[in-house]
Amino acid sequence: VEHLIHEAEAHVVLLFEGGGERAQELGHDPHDLGVGGRVEFDVVEGEEIAWNELVHAALIFSANNAVKGLLRAQGLREDEMVEAMNQRARDWGMQDTHFTDVTGIAPTNVATASDIMILAQHAFATPGIVAAGAPATYQFNGVVKGTPRPHTLRHTDRSRTSFLNDVKQGFKIVASKTGYVKEGGYHLVSKVRKDGKEIILILLGSATSQARFQEAKGLIWWAFSRAF
């Protein structure tokens, strides 16, 4: 069964490798607003956002327009990045995956749960991705005509406020990424650690946003109680 998922991990891996730790600021194109039918990251015309902050916005807030900004900073066309993503998928053995856009919102993007597991294993083993996607809340300033413009991003993974991220109970969410498309429902990919052991959960096609987090808590609890 083929599922659709927001593949931020894939393009951010590539963008990190291509862009490194550049700290330059770049103008944010107003055409990036509303990607996917809604404004996901509140920027204004002419605002400059640092490379590192766009990476945080893509991973913490699932901001598709931040991904577009990173792509533009690379000086790449979208079709070039899509081909690079598909080549990386082939290199990693993701045989049933095909990307058609860089945000993952197009209904023509397809993948299987087993392929997404491969993607998650690579993405969650990348220190830059884990670090950038870790904060539950992240604050920074953009710049508009020399004046700071504050932003606060809250992680889209609501299970980070549950027992799955409670060190007192021995749990820690190492990395996670949410996704949603109309055709495929709500998704969650999460790597959780407990007592030195780790589990990666691939949850696809939940009926509601809240349902995926409830399902994730039950499945991860069950897995740790049975697997170790």
Side-chain angles (χ1 to χ4, degrees), residues 3 5-17 21 52-63 66-67 88-89 91-94 97 104 111-140 152-180 184-206 208-228:
H3 294 273
I5 195 166
H6 186 297
E7 66 277 13
E9 296 90 349
H11 57 236
V12 174
V13 168
L14 293 165
L15 289 164
F16 253 107
E17 291 174 353
E21 297 298 326
N52 184 57
E53 315 303 9
L54 289 174
V55 172
H56 280 86
L59 287 174
I60 294 173
F61 198 59
S62 293
V67 172
R88 183 55 52 87
D91 292 344
W92 286 348
M94 297 167 62
T97 293
T112 60
S114 57
D115 276 3
I116 294 169
M117 175 62 78
I118 295 172
L119 172 59
Q121 288 171 331
H122 283 280
F124 294 163
T126 304
I129 289 177
V130 173
T137 302
Y138 184 76
Q139 296 180 319
F140 68 93
T152 299
L153 303 176
R154 292 180 174 81
H155 209 294
T156 54
D157 178 7
R158 302 302 186 227
S159 67
R160 286 174 174 263
T161 60
S162 74
F163 73 87
L164 292 181
N165 207 30
D166 185 350
V167 294
K168 293 181 179 179
Q169 298 190 52
F171 287 91
K172 177 178 176 57
I173 296 177
V174 178
S176 64
K177 185 72 188 67
T178 62
Y180 169 77
Y186 293 86
H187 315 301
L188 176 65
V189 180
S190 186
K191 182 177 183 178
V192 180
R193 179 183 299 136
K194 184 178 188 294
D195 301 329
K197 308 293 185 180
E198 294 181 339
I199 287 176
I200 294 179
L201 171 73
I202 310 296
L203 185 60
L204 305 176
S206 292
T208 67
S209 178
Q210 185 59 31
R212 63 180 157 187
F213 303 128
Q214 290 299 112
E215 292 164 7
K217 288 186 286 186
L219 287 168
I220 291 173
W221 179 273
W222 178 89
F224 275 113
S225 66
R226 295 290 195 277
F228 304 110

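The chain is numbered in sequence order, starting from 1.
- Formation of a donor-acceptor pair under 3.5 Å by the Arg212 side chain with backbone atoms of Gly185 is not found in this model.
- When each of Val130, Val174, Ile199 is checked for a side chain to side chain contact (heavy atoms under 4.5 Å, CB included) with Lys191, only Val174 meets the rule.
- Side-chain contact check for Phe213 versus Leu164: every heavy-atom pair is 4.5 Å or farther apart.
- Using cut-offs of 30° and 60° for the angle between ring planes, the His56 and Tyr138 rings count as parallel.
- Interatomic distance, Ile60 CD1 to Glu53 CD, rounded to the nearest 0.5 Å: 9.5 Å.
- Between the Thr208 side chain and the Ala211 main chain, a donor and an acceptor come within less than 3.5 Å of each other.
- For Ala216, the side-chain contact (heavy atoms from CB on, under 4.5 Å) test picks out Leu188, Leu201, Leu203, with sequence neighbours left out.
- Thr126 contributes a side-chain N or O that, together with a main-chain N or O of His122, makes up a donor-acceptor pair within less than 3.5 Å.
- Between the side chain of Asp115 and the backbone N or O of Thr97, at least one donor-acceptor pair lies under 3.5 Å.
- With hydrogens and angles ignored, the 3.5 Å screen pairs no side-chain donor or acceptor of Arg160 with any backbone N or O of Pro135.
- To the nearest 0.5 Å, the span separating CE on Met94 from CG on Leu119 amounts to 4.5 Å.
- Ser190 approaches Ser176 most closely through the heavy-atom pair OG-CB, 3.8 Å.
- Minimum interatomic distance between Ala120 and Ile200 (heavy atoms only, all atoms of both residues): CB-CG2, 4.1 Å.
- No side-chain heavy atom of Val192 sits under 4.5 Å from any side-chain heavy atom of Glu198.
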Could you pull out every donor-acceptor pair under 3.5 Å between side chains of residues 219-228 and any protein atom, sequence neighbours left out?
| from | atom 1 | to | atom 2 | distance (Å) |
| --- | --- | --- | --- | --- |
| Ser225 | OG | Trp221 | O | 3.3 |
| Ser225 | OG | Trp222 | O | 2.7 |

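- Side-chain contact check for Ile116 versus His187: every heavy-atom pair is 4.5 Å or farther apart.
- Interatomic distance, Ile173 CD1 to Lys194 NZ, rounded to the nearest 0.5 Å: 14.5 Å.
- Annotation: side chain of Leu153 is in contact with side chain of Phe140 (closest heavy-atom distance under 4.5 Å).
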